[in-house]
Protein chains: 2
Amino acid sequence: MQTPTLRDVAEAAGVHAATASRALNPGTRGLVNAETAKRVIKVAESLGYRPNPIARGLKTAKSGTIGLVIPDLTNPLFPPIVRGIEEVLEPAGYGGLIVNTDNDPGRERTLIESLRSRQVEGLIVATALVEHPLLEQLARERVQMVMVNRRPGGIDVPSITPDDAAGIALAVEHLASLGHRRIAHLAGPTSTSTGVTRARAFRSAVHDLSLDVDPALVVECSQWTEDAGAEALRGLLDAGQRPTAVVAGNDLIALGCYDVFAERGISCPDDVSVVGFNDMPFLDKLRPPLTTVAIPHQQIGAEAARLLLDAIAEPDRPARSVLLPLSLVVRGSTAPPR
Amino acid sequence: MQTPTLRDVAEAAGVHAATASRALNPGTRGLVNAETAKRVIKVAESLGYRPNPIARGLKTAKSGTIGLVIPDLTNPLFPPIVRGIEEVLEPAGYGGLIVNTDNDPGRERTLIESLRSRQVEGLIVATALVEHPLLEQLARERVQMVMVNRRPGGIDVPSITPDDAAGIALAVEHLASLGHRRIAHLAGPTSTSTGVTRARAFRSAVHDLSLDVDPALVVECSQWTEDAGAEALRGLLDAGQRPTAVVAGNDLIALGCYDVFAERGISCPDDVSVVGFNDMPFLDKLRPPLTTVAIPHQQIGAEAARLLLDAIAEPDRPARSVLLPLSLVVRGSTAPPR
DNA sequence: GTGAAAGCGCTAACAC
DNA sequence: GTGTTAGCGCTTTCAC
């Protein structure tokens, strides 16, 4: 016999399929004679019965899957988040369907569409660049979702974000305590909320600590990449700026700085200190090891999944949002200015 | 109206649901009047109809999902493979369900079980450590699968593996051409087929090139990790061995060597050259940048997905297996011995 | 407490 | 060519 069906179990236990269903389902088990329930369960086990979630899903309009929308799994930022998510989803009986958008709004639309047609029960969205119309539409159609790493403007969607502002403040304070006063910021693209938040936090930290406030010291990178970071730093230096330290929008941008240092014979941390953001893997293997702001990625993922499961269970509960604290990992790329 | 159903479309187009189904389905579209088909399609579009794969799946016993069994998504080896897989799956209308086994046989069993109950149509298995009984059982039950990065002994399962032996030969030849004669190998665990294959390839390459053949120069690491690599190298050095170069079982193990070099004031590549295996991200940022054997991960994933889709389409075709060529990426961790 | 019957949305025989 | 009918495996009224 092929993988046994509920009816097989019912027959073997001498009950009706409906009764077997009730017995097997913890939620409805109470409706059934304890004896019968026990018997059915035993039979099911001995037959190696496994419920077919597809059939169940068809009936209950629940698929037991949720969609994970991320830009690019290959970006080391995301695997730990995904693991954190799975860690919570799995014991809850849910599975995660991952899509990579490459931050392409068109792909994003299509992929979310395809996830919805697969009847996912909710979405965890970790892309920085969801277009607003799409977001609003999803909210309107009451698609359960939670945003990771970004807070949705205006829309009532739960989100789980690292406390970027606090992280940047940590970085700036660290540099200031080392004696730096002229600190540059290579900001992420202002098209991303993260880029905006971090840049704003940078400006206010510099201001609060009474360091040199010079608009020319904040440069926007066109992307969150090594190349864009290198380009931005080159622009800064070519414009004659000589910061003694730079706070990079993220680790990749910081890596771009390393490239420029190599090109131009600048020594880090002797000539310039650098702080990254994210604490990607293997940063401790760099030369010099990169000082950076660490984000509890796995925890973020886990928290996001919990938020989503809650939202699915109680669709009408108002959106909670969580801000996770960050920490600074001091390594070799920061030192007092000379 | 909630998301429209096939019946809604059929009604709006003035045809029967079955006809609508035929019209919408490329495979059966030929059975329907071209005009009608066109009309139905138009109506479907205007209604924003999206087929419900769950319902379809219930009927056709196909879920449109396949299971990806990997040890740990957090290991940088896997994200590119997963992306390669998705790249092929997505246009084919399939989705991938990922599980992380942490190389725990128990978890592996349970997770594969849960994938099967989710009615996946096939499995892509990238764990090094599938227990044989499980594998055999799956094969017996005619679960379609393909193995990635390992060849199943004895069982007729398609596999897609990097040509490890050729890669190791590349590494050894490179070192030999630099003038090294006393080369060590920090092998991966012999409980993994990869570990065994690479160690064997190392021995035969050393032999073929008439280099120093000394069994003491091959050490097994207890795991594929940085720590295990460091430990193995310490053991080797403590035993008085002084190789001028080491071929590490993988990049992580090579990283462990870096740690030991730092501990003991050994200079790389001046005192010892090191070659890694895998070409993880950011290896070019290390000090020194690691010379390593590059594996076309994404391509492996894509190929694996193709193999699986083929197998699903033609279950009776004999298992094909693919061996992908590797290349050596020469960076700064290798130099002539001094 | 349990069975009967209906139906989730779709597709596949089988008629016509 | 198209409609009819049945049913995938399960859950859920509604009777009894």
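Chain naming here is simple, since letters A, B, ... match the order of the sequence lines and numbering starts at 1 in each.
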* Asked: Are any of B:N52's side-chain N or O atoms less than 4.0 Å away from OP1 or OP2 of C:dC8?
  -> no
* First locate atom CD of A:E141, then atom CD of A:E136, and finally report the distance between them rounded to the nearest 0.5 Å. => 12.0 Å
* Which nucleotide in the set C:dT2, C:dA12, C:dC8 lies at the smallest distance from any side-chain heavy atom of A:T19? -> C:dT2
* **Closest heavy-atom pair and its distance - B:D156, B:A319** => OD1-CB, 3.4 Å
* Could you walk me through whether A:T101 and A:T127 pass the side-chain hydrogen bond (donor to acceptor under 3.5 Å, both in side chains) check? -> CA-CA 8 Å; A:T101 67; A:T127 51; 5.1 Å; no
* Asked: Base, sugar-phosphate, or nothing: which does A:P51 touch, judged by heavy atoms less than 4.0 Å apart?
  -> sugar-phosphate
* **DNA chain C: 5'-proximal contact among B:I54 and B:A18 (nearest heavy atom)** => B:I54
* To do: Would you mind telling me which of A:K62, A:E86, A:E121 makes a side chain to side chain donor-acceptor pair (under 3.5 Å) with A:Y94?
  => A:E121
* **Trace of the side-chain hydrogen bond (donor to acceptor under 3.5 Å, both in side chains) decision for B:Q119 with A:R50** => CA-CA 10 Å; B:Q119 314 294 120; A:R50 271 173 337 209; 5.8 Å; no
* Asked: Given atom CD of A:E11 and atom P of C:dA4, what is their separation to the nearest angstrom?
  -> 12 Å
* **Protein-nucleotide distance (A:L58, atom CG; C:dC8, atom C1'), rounded to Å** => 4 Å
* Starting at CZ of A:R39 and ending at C1' of C:dT2, how long is that distance when rounded to a whole Å? -> 12 Å
* Counting any heavy atom closer than 4.0 Å, what does B:T28 reach on the DNA or RNA strands: base, sugar-phosphate only, or nothing? -> nothing
* Does anyone know the first and last nucleotide of DNA chain D in reach of chain B, 5' to 3', at under 4.0 angstrom to a heavy atom? -> D:dG1 to D:dG9
* Asked: How long is the line joining NE2 of B:H16 and P of C:dA12, in whole Å?
  -> 14 Å
* Global bending angle along the helix from C:dG1-D:dC16 to C:dC16-D:dG1, which compares the axes of five pairs at either end, to 10 degrees -> 40°
* To do: Report the C-alpha separation of A:S63 and A:T65 in whole Å, then their side-chain angles, then the decisive distance to 0.1 Å, and conclude whether the side-chain hydrogen bond (donor to acceptor under 3.5 Å, both in side chains) test is met.
  => CA-CA 5 Å; A:S63 61; A:T65 58; 2.9 Å; yes
* Quickly work out the B:R56 CZ to C:dC8 P distance and round it to whole Å. => 18 Å
* **A:L135 to A:M145 - nearest heavy-atom pair and separation** => O-CE, 3.7 Å
* Output yes when a side-chain donor or acceptor of A:D104 lies under 3.5 Å from a complementary backbone atom of A:G106, and no otherwise. => yes
* Asked: Roughly, in whole Å, what's the span from CZ in B:R7 to C1' in C:dC8?
  -> 9 Å
* Interatomic distance where CG belongs to A:L6 and P belongs to C:dG3 [whole Å] -> 12 Å
* Structure fact -> The residue, A:R22 or B:L31, whose nearest nucleotide of DNA chain D is more 5′ is B:L31
* Asked: Crowded around B:R142 CZ? As in, over 12 foreign heavy atoms under 6.0 Å?
  -> no
